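Structure, as structure tokens:
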Amino acid sequence: SLGFFIETYGGYHGAYVEDMFVEFTGRNIFYKLGLGIFKILISPFPNIISIKSLIVFFENILIYFLLYNFLFKDFLKKNDFEKKISLFWIITLLFSLALYSIVSFNDGTIHRYKIIVLGYILIGYNLHRNLDKSKIKR
């Protein structure tokens with residue numbers, strides 16, 4: 001994490017940089033992971049300064065809409081197999097976001113990681129769901 005931070009902000013050790021980087025300890029790990037996941041989910045929202053950032057923001061809204069429709073919508077109405085698949089991919093999503101929240105500090109890196117992870121979740125969930133449908137047809 002420190003290596004990625006130094007790569008982003010350089011080796012400068014001023015007050016601003018030291019306030020931004022907080023080392024993970026047993027006392028602050030859940031707070032920092034929660035904050036990091038939240039930052040990844042809303043990125044680049046606080047820093048929309050260009051058309052590119054606005055496009056990324058709307059792209060994120062579309063991806064979150066798809067995630068909601070596939071994983072969370074009508075969760076209680078799904079059969080047991082679909083619930084297990086959804087839970088597996090929700091846990092995978094949270095674990096992946098927690099992992100990348102530790103190492104990413106700028107919006108460009110966050111977007112690159114987020115698109116790959118969310119695309120992987122959507123594709124994997126749909127493959128599993130289609131696997132269940134193909135078993136029913138036989």
Side-chain angles (χ1 to χ4, degrees):
S1 179
L2 179 61
F4 281 110
F5 185 81
I6 290 173
E7 181 181 332
T8 300
Y9 295 105
Y12 177 70
H13 293 290
Y16 175 72
V17 173
E18 289 174 6
D19 287 342
M20 285 182 62
F21 181 77
V22 178
E23 190 172 336
F24 286 90
T25 63
R27 282 188 247 151
N28 72 355
I29 192 159
F30 291 112
Y31 172 73
K32 294 302 285 181
L33 281 178
L35 212 60
I37 290 172
F38 182 70
K39 181 181 176 183
I40 282 183
L41 289 175
I42 66 166
S43 177
F45 175 65
N47 302 323
I48 298 177
I49 55 174
S50 68
I51 295 295
K52 291 177 186 177
S53 299
L54 189 62
I55 291 170
V56 168
F57 177 71
F58 285 122
E59 179 184 29
N60 289 339
I61 289 175
L62 175 68
I63 290 173
Y64 294 145
F65 174 75
L66 292 172
L67 275 174
Y68 170 76
N69 277 338
F70 288 129
L71 295 179
F72 297 101
K73 186 178 178 186
D74 298 329
F75 181 79
L76 297 175
K77 294 179 183 177
K78 295 179 179 181
N79 64 31
D80 287 340
F81 185 76
E82 285 181 332
K83 284 181 184 177
K84 288 178 184 177
I85 291 171
S86 293
L87 284 175
F88 171 79
W89 287 108
I90 289 169
I91 291 169
T92 303
L93 173 67
L94 290 175
F95 178 75
S96 300
L97 290 177
L99 178 72
Y100 289 118
S101 72
I102 293 172
V103 297
S104 57
F105 293 99
N106 64 22
D107 290 332
T109 305
I110 288 172
H111 181 66
R112 282 192 303 270
Y113 289 155
K114 184 170 39 173
I115 291 299
I116 291 169
V117 168
L118 297 179
Y120 169 71
I121 300 294
L122 288 172
I123 291 169
Y125 174 76
N126 283 319
L127 287 174
H128 268 118
R129 193 177 66 177
N130 290 337
L131 176 68
D132 182 44
K133 289 179 182 176
S134 68
K135 286 183 180 180
I136 292 173
K137 289 180 182 178
R138 290 183 185 186

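For the numbers below, each heavy atom of this structure counts, side chains included, while hydrogens, waters and symmetry mates do not. Only a predicted model underlies this, so the values are computations on that prediction, with no experimental measurement involved.
- The distance from the NZ atom of Lys39 to the CD1 atom of Ile37 is 13.5 Å, given to the nearest 0.5 Å.
- You'll find the side chain of Lys78 stays beyond 4.5 Å of the side chain of Ile85, heavy atoms only.
- By the 6.0 Å contact criterion, CZ on Phe38 is open, its count of non-hydrogen atoms from other residues, nucleotides or ligands being 12 or less.
- If you chain together hydrophobic residues whose side chains sit under 4.5 Å apart, Leu41 and Ile115 fall into the same group.
- The CZ atom of Phe88 sits 11.5 Å away from the CG atom of Leu71 when rounded to the nearest 0.5 Å.
- Atoms CZ and CG, from Phe70 and Asn126 in turn, are 4.5 Å apart once rounded to the nearest 0.5 Å.
- The structure places CG of Leu76 at 5.5 Å from NZ of Lys83, a figure rounded to the nearest 0.5 Å.
- Of the inter-residue distances, the one linking Leu62 atom CG with Leu67 atom CG reads 10.0 Å to the nearest 0.5 angstrom.
- Applying ring-ring contact (aromatic ring centres under 6.0 Å, His included) to Trp89 and the options Tyr125, Tyr120, Phe72 leaves one that passes, Tyr120.
- Scanning both residues, Ser53 and Ile48, for their nearest heavy atoms gives CB-CA, 3.9 Å.
- Nearest heavy-atom pair, Ile40 versus Lys114, reported as atom, atom and distance to 0.1 Å: O-NZ, 3.0 Å.
- More than 12 non-hydrogen atoms from other residues, nucleotides or ligands lie less than 6.0 angstrom from CD1 of Ile61.
- Heavy-atom neighbours of Tyr64 OH from other residues, nucleotides or ligands within 6.0 Å: above the threshold of 12.
- Each of Ile63, Leu66, Ile123 was checked for a side chain to side chain contact (heavy atoms under 4.5 Å, CB included) with Leu118, and the lone residue meeting it is Ile63.
- Between Ile121 atom CD1 and Leu97 atom CG the span is 8.0 Å, to the nearest 0.5 Å.
- Ile49 and Ile42 are members of different hydrophobic clusters when ILVMFWY side chains are connected at heavy-atom separations under 4.5 Å.
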